[in-house]
Chemist: 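Submitted below is the structure of interest, expressed as structure tokens.
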Amino acid sequence: MARNIIIDTDPGQDDAVAILLALASPELNVLGITAVAGNVPLELTQKNARIICELAGFPGMLVFAGCDRPLNRPLVTAEHVHGKTGLDGPQMATPTMPLQDQHAVDWIIDTLRAAPENSITICALGPLSNIATAMQRAPDIKPAISEIVLMGGGFFEGGNITPTAEFNIYVDPHAADIVFKSGLPLTVMPLDVTHKALTNKARVDAFRALETIVGHMTAEWTDFFERFDKEKYGSKGAPLHDPTVIAYLIEPNLFSGRHINVEIETQSELTMGMTVADWWGVTDRAPNCTFMGGLDTDRFFKLITERLARLK
Ligand code: RIB
Ligand code: CA
């Protein structure tokens, strides 16, 4: 029985690979894709989500536009990483599939209200504005959520948008605070694990060797996306952050982590959006998430490449 998931996303090249992986995997049933402002503004993230669905051969996928800004802070975007369009690298066609009229938050609420208990997994690949707004507006939706798996935060790796904060959490720290205090089963893919998901020439060549449009686009996106991290970290390749969320649902044993307490800094500007992870258990704060740190990188890329091969 396929797992029902909702993908909340701010595409972004790495979001794109995550969405392609999900659509190519029969273990997952993507109920819909909800766009949020993040890497680029909402009008681009919703457009990019539709581009990716059409590329994957899913023009009937339900795509919704959600929050165009964080709960209590001005929007911060990341064109310096993802380019002006958010999917810079290859030339992209204009999408022809429709954007749904309903607001993403209303659709999330309606979908969860109509669903059985513990029946839908939320995959959050961007700032948590949509998810937190839905929870605040309709607390009764929580029982339908079996798990939230999100890319965000960092502890040993520090931050990537400030010295202490990772982008998704930094953009909407108040939304993250709501999600981390929700009491729901939470699995977190922080920079500690995504910085082990680095592309390299052989891995990108394997995408290209698929000799499909999807393989070509994925290679072009990762080539574009890696230049920032190579410059900033001197790393050999780009961290494929968001596909870790989807890969976890398909092959959880690719990952290892700890069930710990993580709280979100929402007061100090100096450390705003920091995921304060009690990795060493030095407080009496109750564990609230599984915070990942280990990854079998070769098997991770093997899974992505194998699954992308199923798309044309
Ligand atoms: O910090 C990395 C995260 O921020 C990824 O989800 C990337 O797509 C951006 O949203
Ligand atoms: Ca993202």
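Atoms within a ligand are numbered from 1 in the order they appear, just like the ligands themselves.
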Chemist: Can you list every pair where an N/O of ligand 1 is under 3.5 Å from an N/O on the protein?
Modeler:
residue, atom, partner, partner atom, Å
ligand 1, 1 (O), Asn160, ND2, 2.8
ligand 1, 1 (O), Glu166, OE2, 2.6
ligand 1, 4 (O), Asn168, OD1, 3.2
ligand 1, 6 (O), Leu125, O, 2.9
ligand 1, 6 (O), Asn168, ND2, 3.0
ligand 1, 6 (O), Asp242, OD1, 2.6
ligand 1, 6 (O), Asp242, OD2, 3.0
ligand 1, 8 (O), Asp14, OD1, 2.7
ligand 1, 8 (O), Asp14, OD2, 3.1
ligand 1, 8 (O), Asp15, OD1, 2.8
ligand 1, 8 (O), Asn39, ND2, 3.1
ligand 1, 8 (O), Asp242, OD2, 3.1
ligand 1, 10 (O), Asp10, OD1, 3.2
ligand 1, 10 (O), Asp10, OD2, 3.0
ligand 1, 10 (O), Asn39, OD1, 3.2
ligand 1, 10 (O), Asn39, ND2, 3.2
ligand 1, 10 (O), Asn168, OD1, 2.8

Chemist: Under 3.5 Å, is there a donor-acceptor pair between the side chain of Glu157 and the main chain of Asp192?
Modeler: no

Chemist: Between Met97 and Val63, does a side chain to side chain contact (heavy atoms under 4.5 Å, CB included) hold up when you go through it step by step?
Modeler: CA-CA 9 Å; Met97 67 182 282; Val63 176; 3.9 Å; yes

Chemist: Would you kindly check if the NZ (Lys) or CZ (Arg) of Arg50 is within the cone defined by 45 degrees around the ring axis of Phe58 and under 6.0 Å from the six-membered ring centre?
Modeler: no

Chemist: Counting N and O atoms only, with roles assigned by atom type, does the side chain of Trp221 sit under 3.5 Å from a partner on the main chain of Leu87, one being a donor and the other an acceptor?
Modeler: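 Looks like yes, one N/O pair under 3.5 Å.
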
Chemist: What residues form a side-chain hydrogen bond (donor to acceptor under 3.5 Å, both in side chains) with Thr96, not counting sequence neighbours?
Modeler: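 With neighbours one apart ignored, the set is Glu54.
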
Chemist: Apply side-chain hydrogen bond (donor to acceptor under 3.5 Å, both in side chains) to Asp101 and list each qualifying residue two or more places apart in sequence or on a separate chain.
Modeler: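 Not a single residue meets the side-chain hydrogen bond (donor to acceptor under 3.5 Å, both in side chains) criterion with Asp101.
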
Chemist: Taking 3.0 Å as the upper limit, name the protein N, O or S atoms near the Ca ion (ligand 2).
Modeler: Asp10 OD1, Asp15 OD1, Asp15 OD2, Leu125 O, Asp242 OD2

Chemist: Hey, does the Lys NZ or Arg CZ of Arg227 hover above the aromatic six-ring of Phe224, less than 6.0 Å from the centre and inside 45° of the axis?
Modeler: yes

Chemist: Does Arg208, at its CZ atom, have more than 12 non-hydrogen atoms belonging to other residues, nucleotides or ligands within less than 6.0 Å?
Modeler: yes

Chemist: If the test is side-chain contact (heavy atoms from CB on, under 4.5 Å), which one of Asp15, Thr85, Thr9 qualifies with Asn39?
Modeler: Asp15

